[in-house]
Amino acid sequence: MIMPDKILTRRDIENVITVTKDLYLADSIPWVIGYSGGKDSTATVQLVWSALSQLPKEQLKKRVYVISTDTLVESPVVAAWLAQSLARMRQTAENSGLPIEVFQLTPDMDNTFWVNLLGRGYPYPRRNMRWCTDRLKIAPANHFVERVISRAGEAIMVLGTRKTESAARRQVMEGYEKKRVREHLSPSSTMPNAFVYSPLEDWTSDNVWQYLMQHPNTWGQSNKDLLAMYSGASADGECPLVLDTSTPSCGNSRFGCWVCTMVSEDKSMAAMIQNDEEKAWMLPLLELRNEIGAPQEEDKRRRDFRRMDGKIYMHTGNIVHGPYTKATREYFLRRLLQVEQYVQTCGPAELADHPLIRHEELCQIRRIWLHEKHEFDDALPRIYKEVTGRDFVDPECPTNRYFKKREWDILERTCHDAFPQEELLVNLCSSLLDIESQYSLMASRRGVNIEIEKTVRKCFFSDKQDAIDFYQRHHAANDENGQEEVAAE
């Protein structure tokens, strides 16, 4: 075991490589290595690569899959670094004849960050509503491992997890160690027929940096550049390798989604901007991230008082707000496209074509706005043209054949002039018109009455205060059933 205050020795490294070789040769179970481009996953792939390189070619009989999940909202700096590293890894493995295959995974296009936030109006992720991690990171990786298991029966996941990352991580890892049926292989906590090998389990953050600095990257990516990235993302710009217990480590630098709102402040992006004047182009990214992750009281004003299905929900006497309003979603889309234009124009040359949101995501958002939210004014192509100067190309998306932007404006003006107190009247009328339009194209109108009834229930309230009053009139009966969620009857 490597103690937290111990310098990594050559024997320590050789022991890990020997264990890795023995595990590889012990069976025919394929390996899946998780690679994020960070220090721990880089060291893990590098150790496995070194182990395989030391084996005779005739013993390299089973595949090793290196998978990297692109959330599509990675920091552009990290995304560019990762793309370059994966390309070099793929080419070097092929040239050297190693059984390593490299895959870059992405979330399902209907479940990306922007499709959920801009399309469906999901409020930005927070600690009590962390909807992003599973959709963007866990699901793509799990689906890949499940496919490997379906073909081979089992899989071994090689991960760069370390006990010294946190007390909670140590507790979890030591708990699964007690359940081992084979030495060095713990059962997966989430996937049946999968095992976990953690070659760095007893290493410290400084052990990892020592290894990376003393051993050149095996596929040609610069570990020194990786160190510089971590150093640049630390507030003090420092990243020493041999530290006493009072010295901060680069392990505290956070790399991940540039729009992450799970932390109150994105210190890593702020530090990169502060430490390197060449990264001043990232400032609009940080500003948009902070604007999206506004304080919750401010965020409530940008959201509907109803839930997705039109129900209201009360907690400790306060109404719990639902998805972002139409105006908020359109505003965020416009801001995102503006920041994308800026990054592509003012950022480094390698980001000239880097999208902050993919065309496929924009198409999916448009479909949700048109067909799920019944917003037949079709705002997305108009916003896209106003910001980029280019026409939005999406020929396969059907639009409302009867009603467009002109009709929307007339409806909105009429409703507001005639019934200014009815906040949801535009939503009700536009939805009913769009539903009728959609069903007019169908041979069978079966189900239209259900859709109409759902829409009327969803738009039952005049405004937020009417919804609160409705709840207070009905909450006694619902409280008897242990419920706080109320729908229009």
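In this chain, numbering begins with 1 at the start of the sequence shown.
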Exercise: do Asn142 and Glu146 side chains pair donor with acceptor under 3.5 Å: no
Candidate list Trp258, Trp131, Tyr124, Tyr122, test ring pair (Phe, Tyr, Trp, His ring centres under 6.0 Å), partner Phe113, passing option: Trp131
Partner of Ile156 by side-chain contact (heavy atoms from CB on, under 4.5 Å), out of Val32, Val145, Val64, Ile29: Ile29
Arg307 NZ/CZ over Tyr313 ring centroid, <6.0 Å and within 45° of normal: yes
Salt bridge present between Lys178 and Glu174 (N-O < 4.0 angstrom): no
No-hydrogen, no-angle side-chain donor-acceptor test under 3.5 Å, Ser444 and Arg446: no
Arg335 bridged to Glu291 by N-O distance under 4.0 Å: yes
Glu94/Arg90 salt bridge by N-O under 4.0 Å criterion: no
Note: Lys454-Glu451 ion pair, threshold 4.0 Å (strictly below): yes
Arg457/Asp309 ion pair, N-O < 4.0 Å: no
Flag if over 12 foreign heavy atoms under 6.0 Å of CD, Glu298: yes
Residues Phe332, Trp114; criterion ring-ring contact (aromatic ring centres under 6.0 Å, His included); working and verdict: CA-CA 10 Å; Phe332 281 155; Trp114 295 121; 8.4 Å; no
Aromatic Tyr176 / basic Lys179 pairing, under 6.0 angstrom, 45° off normal: yes
Side-chain donor-acceptor pair present, Asp12, Thr9, cut-off under 3.5 Å: yes
